[in-house]
A.B. asks: 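Questions regarding the structure given below will be posed in turn.
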Amino acid sequence: MKKPVFDTSPPRGPADPVLGGISLVFPVYNESFIIEQTLRNYISEIQPRVTDLEVVVAEDGSTDDTKVVLERLAAELPIRLYCSNERKGYQQAVIDAVAHATKPWVFVVDSDYQFAAIDFWRLEPWRREYDVILGMKSPRKDPFYRVFLSWGYNCLLRWFFGVKYRDMDTGFRLIRREVLANLAPQVKYMSFFTAEFVVRAHYAGCKILEVPVPHYERKIGSTTIFFMSKLFVICLQQFIGLLKLRQELRGQKTTRTA
Ligand SMILES: Nc1nc2c(ncn2[C@@H]2O[C@H](COP(=O)(O)OP(=O)(O)O)[C@@H](O)[C@H]2O)c(=O)[nH]1
Ligand SMILES: [Mg+2]
């Protein structure tokens with residue numbers, strides 16, 4: 001396959017309807033200050049240019065005003081809202097959220113607007129050739145310790161699983177729904193879903209592409225996951241998860257052809 005060339009300012013659609021409709025999926029936890037802006041920006045950017053679009057918003061366990069804001073927005077915007085009271089954690093939240101998607105393609109995006117809606121168009125045209133299209137944060141605008149930990153994590157993933165991807169924990173990804181339906185329910189070892197999903201997709205022979213996308217600082221709130229006080233436990237959990245996944249996949253030859 002020839003090396004992909006990335007357009008630095010791709011046209012803003014329209015998406016080719018032949019490639020199928022798109023489910024836009026947002027996991028949300030404690031984002032009351034930013035979720036309205038995120039939903040309005042994504043819907044106004046994408047809805048006029050995608051013939052068959054649905055928007056799934058999956059919130060659980062928020063302890064701030066997020067539910068109230070979402071209920072108000074659901075009366076106005078074309079969203080399907082799913083709320084539950086117990087926090088699920090990122091991994092289970094994403095698995096449950098994508099199960100609500102019904103279109104042939106699923107665009108799963110973090111709701112804190114660290115990725116801009118317009119950058120959807122950097123990923124969208126690659127649907128012709130790939131099954132999993134990952135927005136590779138370039139450069140990553142997170143605190144130094146996060147950039148460093150993520151670099152180490154990605155190095156370990158490449159080494160353990162013989163993959164070549166550089167940003168396997170991105171929060172901006174466009175995925176063929178049948179791939180998600182097959183593989184998402186199997187994700188269980190690594191808490192942040194995407195890395196384990198990408199490794200499983202690679203071993204299942206999926207065509208995976210990383211496309212550079214701008215990444216922005218979190219303007220409001222702070223990480224809902226990577227608290228300093230929990231970093232050691234999180235790192236340990238990911239490392240144990242990595243070992244378990246390797247154990248499971250050991251001996252399995254990747255079915256990739258490209
Ligand atoms: N539904 C749901 N969403 C979550 C949960 N934890 C995190 N999120 C969402 O997942 C996204 C990524 O979280 P974030 O704190 O921005 O992670 P970071 O960017 O890696 O620091 C955000 O949109 C959060 O609102 C959870 O337990 N349930
Ligand atoms: Mg974030």
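Both backbone and side-chain heavy atoms feed into the values below; hydrogens, waters and symmetry mates do not. As the structure lists them, so they are numbered: ligands from 1, and atoms in each ligand from 1.
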A.B. asks: Using a strict cut-off of 4.0 Å, indicate which atoms of ligand 1 neighbour a heavy atom of D60.
C.D. replies: 1 (N), 2 (C), 26 (C), 27 (O), 28 (N)
A.B. asks: Minimum distance, heavy atoms only, to atom 21 (O) of ligand 1: which one of T223, D169, I225, I35 is it?
C.D. replies: T223
A.B. asks: Check this for me, if you would: do E196 and K244 make a salt bridge, where the nitrogen-to-carboxylate-oxygen distance has to be below 4.0 angstrom?
C.D. replies: no
A.B. asks: Any idea which atoms of ligand 1 are less than 4.0 Å away from a heavy-atom of Q114?
C.D. replies: 19 (O)
A.B. asks: Examine the proximity of ligand 1 to V28 and report which part, side chain or backbone, both or neither, has a heavy atom under 4.0 Å away.
C.D. replies: backbone
A.B. asks: Less than 3.5 Å between some nitrogen or oxygen of R87 and one of ligand 1, yes or no?
C.D. replies: yes
A.B. asks: T223 and R218: side-chain donor and acceptor closer than 3.5 Å?
C.D. replies: no
A.B. asks: Centre-to-centre under 6.0 Å for F107 and F172, is that the case here?
C.D. replies: yes
A.B. asks: Taking the side chain from E54 and the backbone from I79, do they hold a donor-acceptor pair closer than 3.5 Å?
C.D. replies: no
A.B. asks: Give the residue and atom name of whichever protein heavy atom lies nearest to atom 13 (O) of ligand 1, and the separation in Å to one decimal.
C.D. replies: T224 OG1, 3.4 Å
A.B. asks: Which ligand 1 atoms are under 4.0 Å away from a heavy-atom of P27?
C.D. replies: 3 (N), 9 (C), 23 (O), 25 (O)
A.B. asks: Which atom name would you report as the N, O or S atom of D112 nearest the Mg ion (ligand 2)?
C.D. replies: OD2
A.B. asks: Is the F120-Y42 ring centre distance short of 6.0 angstrom?
C.D. replies: no
A.B. asks: Using 2.8 Å as the threshold, say whether any N, O or S atom from D142 sits that close to the Mg ion (ligand 2).
C.D. replies: no
A.B. asks: Salt bridge check, R40 against E76: does any charged N sit closer than 4.0 Å to a carboxylate O?
C.D. replies: yes
A.B. asks: Ring centres of F161 and H202 under 6.0 Å apart?
C.D. replies: no
A.B. asks: What are the atoms of ligand 1, with element, lying closer than 4.0 Å to any heavy atom of D112?
C.D. replies: 16 (O), 19 (O), 23 (O)
A.B. asks: Has T223 got an N/O/S atom less than 2.8 Å from the Mg ion (ligand 2)?
C.D. replies: no
A.B. asks: Does G171 come within less than 4.0 angstrom of ligand 1, counting non-hydrogen atoms of the residue?
C.D. replies: no
A.B. asks: Can you tell me if T194 uses its side chain to pair, donor with acceptor, with the backbone of D169 under 3.5 Å?
C.D. replies: no
A.B. asks: According to side chain to side chain contact (heavy atoms under 4.5 Å, CB included), who are the partners of A97, at least two apart in sequence or on a separate chain?
C.D. replies: V25, A58
A.B. asks: I need the contact type for A58 against ligand 1. Using non-hydrogen atoms and a strict under-4.0 Å cut-off, is it side chain, backbone, both or neither?
C.D. replies: backbone
A.B. asks: Counting only heavy atoms closer than 4.0 Å, does ligand 1 sit against the backbone of A93, its side chain, both, or neither?
C.D. replies: side chain
A.B. asks: Identify the protein heavy atom lying closest to atom 23 (O) of ligand 1, giving its residue, its atom name and the separation to 0.1 Å.
C.D. replies: S111 N, 2.8 Å
A.B. asks: Please classify the F226 to ligand 1 contact at 4.0 Å (heavy-atom distances, strictly less than): side chain, backbone, both or neither.
C.D. replies: side chain
A.B. asks: Can you figure out which of F227, Y29, F26, Y113 has its heavy atom closest to atom 8 (N) of ligand 1?
C.D. replies: Y29
A.B. asks: Contact between ligand 1 and R146 is defined here as a heavy atom of the residue under 4.0 Å from a ligand atom; is it met?
C.D. replies: yes
A.B. asks: Going by the atom numbers of ligand 1, which of them fall below 4.0 Å from some non-hydrogen atom of R218?
C.D. replies: 14 (P), 15 (O), 16 (O)
A.B. asks: Evaluate D142 against Y216 for side chain to side chain donor-acceptor pair (under 3.5 Å), listing each step before the verdict.
C.D. replies: CA-CA 8 Å; D142 272 327; Y216 300 91; over 6 Å; no
A.B. asks: Please round to the nearest 0.5 Å and tell me the distance separating atom CG of L183 and atom CD1 of I95.
C.D. replies: 11.0 Å
A.B. asks: Mark yes or no: R146 above the aromatic ring of F226, with NZ or CZ under 6.0 Å from the six-membered ring centre and no more than 45 degrees from the axis.
C.D. replies: yes
A.B. asks: Considering heavy atoms of the protein only, find what lies nearest to atom 10 (O) of ligand 1 and give residue, atom and distance to 0.1 Å.
C.D. replies: Y90 CE1, 3.1 Å
A.B. asks: I need the atoms of ligand 1 closer than 4.0 Å to a non-hydrogen atom of E31, numbered in the order shown.
C.D. replies: 22 (C), 23 (O), 24 (C), 25 (O)
